[in-house]
Amino acid sequence: MARSVVDEGLRRVFPAAADSEREALGMAVGRVLAEWDELDFALGFGSFFEGLPYRDLDVALHSRDGRPLDEATLAAIGRACERVVRLPVDVVDLVAAPLPLRFWASRGIALLVRNPERLADWKERTWLAYWDMAWMYRQQWRDLVRP
């Protein structure tokens, strides 16, 4: 298990993981996720999977039926992944997530894919929707930082 380099209150910051460690932990998470029949695909995203210092592993989940996963299921999946990788795991439901988070997660690595066509279709719809709204996100940012 990686050692913490910084202690920020209750959350430790770990140094960037080597490529081999990221691959091994990603595969381990994928094996755990394969046990959940209600999942269609899962993506690893965020600082850990980008090779940066990290606090947790971010895992985005999409259900087979296209409905949001309930909180109990999300919590159980998160705990199951944490038991295997022995690091904090943050799971998000892609069906219920806001568009910017879905876009960010869509750029991650595939941990579980049961239907590649559905994943490709979801990515295409997510990217088109995001780029349709990008102008508004930029304007909101300008409005926030304008004196």
Side-chain angles (χ1 to χ4, degrees), residues 2 6 8 11-147:
V6 177
E8 291 186 359
R11 308 264 332 244
R12 295 178 293 176
V13 177
F14 299 98
D19 291 347
S20 59
E21 183 180 8
R22 289 197 314 273
E23 184 177 339
L25 291 182
M27 290 174 62
V29 169
R31 286 190 296 272
V32 171
L33 298 174
E35 298 174 13
W36 300 86
D37 290 334
E38 56 263 64
L39 298 179
D40 193 21
F41 57 86
L43 303 167
F45 69 103
S47 54
F48 174 80
F49 292 102
E50 292 173 7
L52 301 170
Y54 63 98
R55 289 184 177 90
D56 58 18
L57 279 65
D58 296 301
V59 177
L61 309 172
H62 197 285
S63 65
R64 282 189 182 196
D65 63 9
R67 289 186 250 185
L69 297 163
D70 61 73
E71 290 297 320
T73 300
L74 289 170
I77 292 171
R79 284 190 306 272
C81 291
E82 287 177 348
R83 277 193 301 275
V84 170
V85 298
R86 302 182 63 203
L87 288 167
V89 176
D90 184 19
V91 296
V92 297
D93 183 356
L94 288 170
V95 176
L99 181 57
L101 178 56
R102 292 193 320 260
F103 175 76
W104 187 260
S106 74
R107 298 169 29 196
I109 65 161
L111 302 175
L112 170 73
V113 180
R114 290 203 165 101
N115 186 325
E117 292 80 22
R118 273 201 300 252
L119 173 58
D121 180 59
W122 175 84
K123 280 188 176 187
E124 179 182 20
R125 286 182 287 111
T126 298
W127 282 52
L128 289 172
Y130 180 82
W131 290 116
D132 280 348
M133 298 299 294
W135 68 271
M136 186 176 72
Y137 298 137
R138 284 190 299 272
Q139 185 59 48
Q140 288 174 335
W141 176 251
R142 286 184 202 113
D143 292 345
L144 283 171
V145 298
R146 185 176 295 149

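Throughout, residue positions are numbered sequentially from 1 according to the sequence presented.
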Item checked: Flag side-chain contact, heavy atom, 4.5 Å: L128 against R125 ->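 No - every pair of side-chain heavy atoms lies 4.5 Å or more apart.
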
Item checked: Side-chain heavy atoms of L61 within contact of T73, under 4.5 Å ->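 Side-chain contact under 4.5 Å: no.
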
Specify the closest pair of heavy atoms between [X] and [Y], including all atoms of both residues, with the distance to one decimal.
X	Y	answer
A17	F48	CB-CE1, 3.6 Å
V89	D56	N-CB, 4.4 Å
E82	P88	OE2-CA, 3.6 Å
F49	R22	O-NE, 3.8 Å
R146	Q139	NH2-NE2, 3.9 Å
V13	P53	CG1-CB, 4.1 Å

Distance (rounded to the nearest 0.5 Å) between [X] [atom1] and [Y] [atom2]:
X	Y	atom1	atom2	value
L52	F14	CG	CZ	15.0 Å
L119	E124	CG	CD	11.5 Å
W122	E117	CH2	CD	16.0 Å
F41	R114	CZ	CZ	12.0 Å
N115	H62	CG	NE2	11.0 Å

Check: Can you tell me if CE on M136 sees more than 12 non-hydrogen neighbours from other groups inside 6.0 Å?
Finding: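 Yes.
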
Notebook entry, point to check: Can you name the residues that form a side-chain contact (heavy atoms from CB on, under 4.5 Å) with A28, not counting sequence neighbours?
Noted result: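 Applying side-chain contact (heavy atoms from CB on, under 4.5 Å) to A28 gives R31, V84, V85.
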
Pairs of donor and acceptor atoms involving the side chains of residues 90-110, under 3.5 Å and at least two apart or interchain, shall be tabulated with distances.
unit_1: D93; atom_1: OD1; unit_2: V95; atom_2: N; d: 3.0
unit_1: D93; atom_1: OD2; unit_2: L69; atom_2: N; d: 2.6
unit_1: R102; atom_1: NH1; unit_2: A97; atom_2: O; d: 2.8
unit_1: S106; atom_1: OG; unit_2: F103; atom_2: O; d: 2.6
unit_1: S106; atom_1: OG; unit_2: W127; atom_2: NE1; d: 2.6

Next item on the list: Kindly state each residue pair satisfying side-chain hydrogen bond (donor to acceptor under 3.5 Å, both in side chains) with at least one member in residues 33-48, sequence neighbours excluded.
Entry: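 Every pair satisfying side-chain hydrogen bond (donor to acceptor under 3.5 Å, both in side chains) with a residue in residues 33-48: D40-R118.
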
